[in-house]
Structure formats: C-alpha cells, structure tokens
2 protein chains.
Amino acid sequence: MPTLTDDLKTRILQAVDQGYAAQTELLAQLVRIPSQRGEEARAQDFMAAQYARRGYDVDRWRIDVDAIRGMPGFSPVAVSYDDAWNVVGVHRSRTQKGRSLILNGHIDVVPIGPRSQWSRDPYDPAIVDGWMYGRGAGDMKSGLVACMAALDALRGLGLQPAADVFLQSVVEEECTGNGALACLQRGYRADAAFIPEPLLPMLMRAQVGPMWFQVQVEGDPQHASAAFSGAGANAIHKAIFLIQAMDELETRWNGRKHEHTHFCNHPHPIRFNLGKIAGGDWPSSVPAWCTFDMRVAVYPGQSLEAARAEIEAFVAEAAARDPFLAQHPPKVIYHGFMAEGYELKDADEVEGVLRASHERVFGEPLREHATSAATDARFYGLYADTPAIVYGPECRMPHGYDEAVNLESVRKVTQTIALFIADWCGLEAYAA
Amino acid sequence: MPTLTDDLKTRILQAVDQGYAAQTELLAQLVRIPSQRGEEARAQDFMAAQYARRGYDVDRWRIDVDAIRGMPGFSPVAVSYDDAWNVVGVHRSRTQKGRSLILNGHIDVVPIGPRSQWSRDPYDPAIVDGWMYGRGAGDMKSGLVACMAALDALRGLGLQPAADVFLQSVVEEECTGNGALACLQRGYRADAAFIPEPLLPMLMRAQVGPMWFQVQVEGDPQHASAAFSGAGANAIHKAIFLIQAMDELETRWNGRKHEHTHFCNHPHPIRFNLGKIAGGDWPSSVPAWCTFDMRVAVYPGQSLEAARAEIEAFVAEAAARDPFLAQHPPKVIYHGFMAEGYELKDADEVEGVLRASHERVFGEPLREHATSAATDARFYGLYADTPAIVYGPECRMPHGYDEAVNLESVRKVTQTIALFIADWCGLEAYAA
C-alpha cells in the first residue's frame, strides 16, 4: 500500500490540475442535459455511461416508492417516479485495506423560472471570468463530476482507493431526498459519506430539516360584480390573510435558535419561503379556491411530528380569526420535504482527514458552518450511522437566474476530495 | 294582422304554460352540455339543431378575430377561437308589418370551480323546490331557451312575428363580448334587442363596463434557505403588496359614483375582483414570478383609455414605494373584457312595450335598476344604435356553486317575452 507522502500528495494535486480541462469539459456536457424533476433520466444515462467507461460496476434502478415508504426519512410524494432513476458506480478494492466511502451527489436541478431573465441559455454553459454558468453548474453537477475527476487523478498516477468507493448520482435531492434514501434501501453502506454540495469549501457542521406543506383555502365563489347574491368570499384574499399570519410563526421558530448550539449565532436559520401560489379560475368569478406552498425548516433534533402539529394549530388559530375561514377551515397537506435536521458529531476521524486535506490544498485551516439549507447528508448520518461530510465549491445564485460555479473553487475542492480519498481509503495499485 | 286583444294575450300566456314542461326539459338538455370557454361547440350544435327543427334559417359561423379586431367594443383575445362558433336562427316575416327584433343569449358558462363543493353534478340538472340547479341553468341557458319557447307558444296559436326575429346564441359573453360583436360584424341589425340575462324581471337601466387586466410581477429567485447569496425578492410577496394597494384605487373609483346618475345610489358599483393568481415554480426557490388577474369596471360614458392609464399609473406609483419593484416595474397587460359601460336611453317605445307586457304577467309595475354586472346589451346600444333590453329570470349563485334558476320566474319571463314579441313585432299567421 503506497504511503501518502507529501510528495505523493503533491503529485495527486498535480494530477487533478492535469485533468482539469477534461473535467471542466465533462461538467459542461452534463450541464447541457436538463435534469429538472421528472426529466433526469437522460442525465442519469450520461452518468451511468461515464461510470461504465471508467470500469466501475454500474447499478441503475428506478426508485420504488413502496420499498422506501416505511423507512425513516421518507418524504411524501405527490408525483410519479416512473422516470426517477438512481445510478451508482462501484469501485471494488482488491486489497480492502482502507475505509470505504460513499461519494454522493444529486443530478436533479430546480426549475429555471422565466427563461427571459437569464443572460444566456441556462443549459448552454459558458465560462466567463472563471465562472461556469448554467442551471445545475453549481448545484450540484460540479460536485458529481468532481468526485469522478478525483478518482481519475489517482488513476492517472496508477493508483486507486484501497477500499470500496460508491459513486452515487441520485435524484430527488431538491424536493424529498428519496433518491438518497433509496440508496440506503438498496443496501449501500460505507465508513463515511462525502457530499460536495456547493456550500463553500467549509465543513458543514449542521443543517436544518426542510419541510414543505401546502395550505388549501376555500372561497365562496360568486359573480365578481356582487350584482347577484352578494360578494362571496375571495379564496385568494383569505389565503393572503393566512400567508401574512405565517410571519408570526417564522419569528417564533427563529426565536428558538438559542436552544440550538450550532444555530444560535445564525442570523435567520429558519427561512419560511412562500414558494408557490395558485388560485381562481376566472377573473369575473370570486375565486373558489387558492393554494399556497411553503418551505419551512426544523432544527436538528426537533420532532417533525411536533412541527407539523404546531403548523396545523397555527393555521387553525389564524383561520379562527376570520369569520369565513372559521367556518371553512383551511387544510394543510404535505408533499415533498419532510426532513429532519442533521448535525455532524462523533466524527473526529473523518473530520481530521478532511481538515488535513483541506489545509494541504488551501494553505489555511478548515472553517466550519451551520446552514439554513439542507443536503442528503442527513440520511447517512441519521439513519445509517455514517458520518457524512458536506464540503464543496462556491456557487452563485443556486436556484436563481444565472447560476454559476467558481471553477477555481471546483479545482481546489477536487484536489481536497482526491487527497481525502487517498487518506481515508488508502491507495492500492490500479488494476483494470 | 291579428290584433293583440286582451283575450289573445291571455291565450299567449296560456300557450306558454302549456309548453312549459317541454321548455323545462329542453333547458335541462342544454344544461347537460358543458359549455365552458373553448368547449361551446357541442352546445351550439344543439342550439343550431333546435333552430333548424323549428324551421328557422340557421347561420353558424366561427368567429374570425381579424374581422372584428378593428371594431369598437372589441376586447383583446388571449385564447384560440378555433372552436368559437356563433349560431343565429332567423325567422323571416312574410308581411314585414312590425318591428324587427334580436333575441340574444350567450351559450358560454363560467368554470365550475372545485367539483367537490357542488351538492350535485353541475351538469346534471335537478329540480328542487322549484329551482333548477346546474352551471348555466340561470346564466343564461334559461334565457336562451325562453326565447325559443316564447316563439313556440305563438306558433302553438297558429301565429308568428310579423317582423324578422333573430335568435342569437353567442359565445364569449363571459370574457369579452366578442361573440355579440361578431353578430354585428356579420350584419345582424334589428329595431330592438332583448337579452334575458338572469338579472331579475326588471328593466336594466344601466350597466358598468368590465375590464380585465393582469399584473405581471418579477422576483429575484434564489435558494429558499437564503444560505447562499441572500434572500432574493419574493415575487408572490411583491404581488401581494400590489394587490393590497389596489384597494385604494377601488375606493377612489367607487367614490366617483356620485357623478353617475344611475349609480349614485348603488352601494358599490365598481367591484374590483382579484380573480386569479399564479406564481412560483418550486417551494424551495424564492419565486421568480407572480401574475394576478383583476376584474374592474368603468361607468357608462367613462373612457376606457383613461381607465387603463389610471390603472397603469396607479400600479407604477404603488411599485415605486417598494425598492425592488421600483427597479423591476410590474407590467400591466390586457386580455379579456375591455368593455364600455352602457345606459338604456331614448328608448321609450321599446320600454313601453316591455312595461305593458311585464304588468300583464306580473300584475305590478316594472321596476328598473342599474347593475354592477355587464351584458352584451352594450354592443347593440353603443355600436348599432339599437335599444337593448335586459330583463330575465331570477338566478341564485351565478358563477358560484349550486347555481340555480327559479323556474317560476323563468315561466313568467317567458310569458313577458312572448307578449313583448307579439306587441313589438306584431303577429301574422304561421306558415311553415
């Protein structure tokens, strides 16, 4: 087993650099394949082909909702999984001397919003001033490609991990996490997981658990003129009444940050996002219905059941203040994220390896942070007793217009990942 | 030419009664044919067949937007007219001794809203306690059928109008009025028009002019967590800001009712209706866009151009109070109603005939009202110099759930229409 000498580390970093043009081109190819919810299959085919080309065993399967429904961490699903494919590329070590590793990334990207607001085609990546633009360029196709490229760099030196490595390209990270959950269901386990989400080259210490819910509001539809029976009750106005009431709950939940070690200094850990609204069928009818979708979040350790109960009670109390809503109570339903918060702990060993790798690349100590976003790390940490590292490149405007990833940060993060693999898994001679 | 003696009037009323069971069955058949926007063709086929069965010449044509676009009263169209058919059944008098008449009704109905809120299938009419339920039962299939039934009653006495009568079944009343406008474009003219809209058996003296507009609001979409660049700008919240500002404009416009003879005593003539809203693509993204549709209205005589300018200036001023909207001004676009208000005047002759007919049926003087709703009457009155009567049955919940029409009022209104035709057009012997 080759020793990870300083000289070898230098050669690994150089190997990443030598492969970086090809890695960037590979990332551009992947960004060109749209992979919003329901259309990820082609991008997954691409990943499967890339894994196969490198000689990894490829496991590609369609997510079976019934197989994961009963598992902890499952999020309710409102859409079809007919085209929801996971892909895992498996490196199996000959020597099995090191610690095994899951390298996980998600292939799904969020909707682009109005195309007209993008400076350029979101699926035709351009590189400007060291940033690659495109939906998913940062979140997180750069991470998916970086994992492959880190292993490519080792192989360029005639080396490969001395432990099993599972390259996971999963769907559903952006709405449920059921893709990562399906990897657990399929039996994938390792001594650690590493997820290069574009949350900066810092150790993510803790993340909140997002929850999606929809409030369904009724109205009393009548002729818009009120020339007939009366003015009815406008479901959209009633929804706005409830939406504005929700501010109070957001304030309440953020006020509890002081009970949570990793979030007490965060300016606003629990972001309530009014993400979607729809209501009414006809401008000249008083709207009969309105629904709105919110993304909220819970702290690590907080019970989802209690959070749901609090949301429902809050909505009911707010509704009770309106005479019509009191008689027509709104419904709260759940589809999409139903995620617990997650905190990385009791993970000195894996943290130490990351720390050393990062310092070697960046020349400065690894910083850490707690985030108001979430990642698939929770599945490994909470439900598989596997420490999960989240550490990745710098991204501008994930979920926004003109999303872009900083290519220099991708390069350095790839170097960190390569060193991390070499250190965590150990190395053995490459054998085709 | 038979004289309209009191005895003949009595026989006409009796003839309506004798045909009333068949008329009610015909109405039920028509209600069973859904005719929301874009699906009216089958109901129009039904009307064409009914007209043909009675020996009227049938004119059925698809509305040609290009042919009406330049006409006064045209409303901008955002949908396809591929299936927008008008049907006119024409009775041509042999003797031409009387005054010609347009009997107009609209076949289109508004959306039903959530089906679950209806007590029964909106397209399976049931009669309960003298009310026929169903979408369109009142608004206004009852009126369309009443016009046919009134002529049927005369024919049952061996009589027919001694002037041309045009039975118009038009589309697009509920969103633009372009169906009635297309009748004008096609050349239909008469000495009076009669529209049995379900605005009660009263003379409609004046109506407002509805206008639909859509406000398109941008956001700055980002990750819902605000974990990256910042919180972005939520297009739905920005839309709510503008929606709430609109209250002020509604108050301002209603305050002007004192300048309008027929509306100065109306409690709230100008109803602003927030009829539709849509925004956002993804609960975990800050919404990039939101649009909302409003129905407002102008008074008779008020300039539509000035109204549009006032709306646009108001939206711009409201937007200027928000730092983001000031930099990203919302757009106001128009599709659907762009209607002037209308007042029936200089119409003593036709009013007198209606008054006498109504009194004979109801045994009490005809009352009149001004309405915060609108009808196709404006086209005849404003653009064809033709007095247009709006007078019809009693309807519960037009545009609402469990729409229903009072069958006793339909019967009496049919009697009034029959007497009105006999008096206005005169009578001649029926000839097949």
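Treat the numbers as computed from the prediction; the structure is a model and nothing was measured. Each chain gets a letter, A, B and so on, in the order its sequence line appears, and its residues count up from 1. Side chains included, hydrogens not; waters and symmetry mates left out as well; all remaining heavy atoms used.
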Side chain from CB out, backbone as N, CA, C, O: work out which of these in A:F337 comes under 4.5 Å of a heavy atom of chain B, or both, or neither. side chain
Which atoms of A:E218 are under 4.5 Å from chain B, going by heavy atoms: the side chain, the backbone, both sets, or neither? side chain
Taking every heavy-atom pair that is under 4.5 Å apart, which of A:P287, A:G336, A:G113 has the most such pairs with chain B? A:P287
Heaviest contributor of heavy-atom pairs below 4.5 Å to chain A, chosen from B:G232, B:A374, B:A288, B:S372, is B:S372
Would you tabulate the side-chain donor-acceptor contacts of residues 327-334 of chain A under 3.5 Å, counting partners in other chains and residues two or more places apart, or write 'none'?
residue: A:H328; atom: ND1; partner: A:F324; partner atom: O; Å: 3.0
residue: A:Y334; atom: OH; partner: A:E312; partner atom: OE2; Å: 2.5

Using heavy-atom distances under 4.5 Å, tell me whether B:Q214 contacts chain A through its side chain, its backbone, both, or neither. neither
Distance-minimising heavy-atom pair for A:R295 and B:A224: CD-CB, 4.0 Å
Where along residues 273-282 of chain A does a heavy atom come under 4.5 Å of chain B, listed by residue number? A:N273, A:L274, A:G275, A:K276, A:I277, A:A278, A:G279, A:G280, A:D281, A:W282
Donor-acceptor under 3.5 Å (B:H399 side chain, A:S284 main chain): yes
Heavy-atom pairs under 4.5 Å with chain A: which of B:L200, B:D139, B:N234, B:V208 has the most? B:N234
Within a strict 4.5 Å, meaning less than it, do heavy atoms of the A:P283 and B:F213 side chains meet? no
Around A:N265, counting heavy atoms of other residues, nucleotides and ligands shown, do more than 12 lie under 6.0 Å from its CG? no
Residues passing the side-chain hydrogen bond (donor to acceptor under 3.5 Å, both in side chains) test with A:E340, sequence neighbours excluded, are A:Y383
Top of B:G219, B:C290, B:S285 for chain A proximity - count of heavy-atom pairs under 4.5 angstrom: B:S285
Do you know the tightest heavy-atom contact between B:P221 and A:Y401? CD-CE1, 3.1 Å
Distance-only criterion, 3.5 Å: show the donor-acceptor pairs between side-chain atoms of residues 236-243 of chain B and protein atoms not counting sequence neighbours.
residue: B:K238; atom: NZ; partner: B:D322; partner atom: OD1; Å: 2.9
residue: B:K238; atom: NZ; partner: B:D322; partner atom: OD2; Å: 3.3

Side chain from CB out, backbone as N, CA, C, O: work out which of these in A:E403 comes under 4.5 Å of a heavy atom of chain B, or both, or neither. neither
Considering only heavy atoms, which portion of B:T371 lies under 4.5 Å from any heavy atom of chain A: side chain, backbone, both, or neither? side chain
Please classify the contact between B:E174 and chain A as side chain, backbone, both or neither, with a heavy-atom cut-off of under 4.5 Å. both
Heavy-atom pairs under 4.5 Å with chain A: which of B:P269, B:A235, B:C175 has the most? B:C175
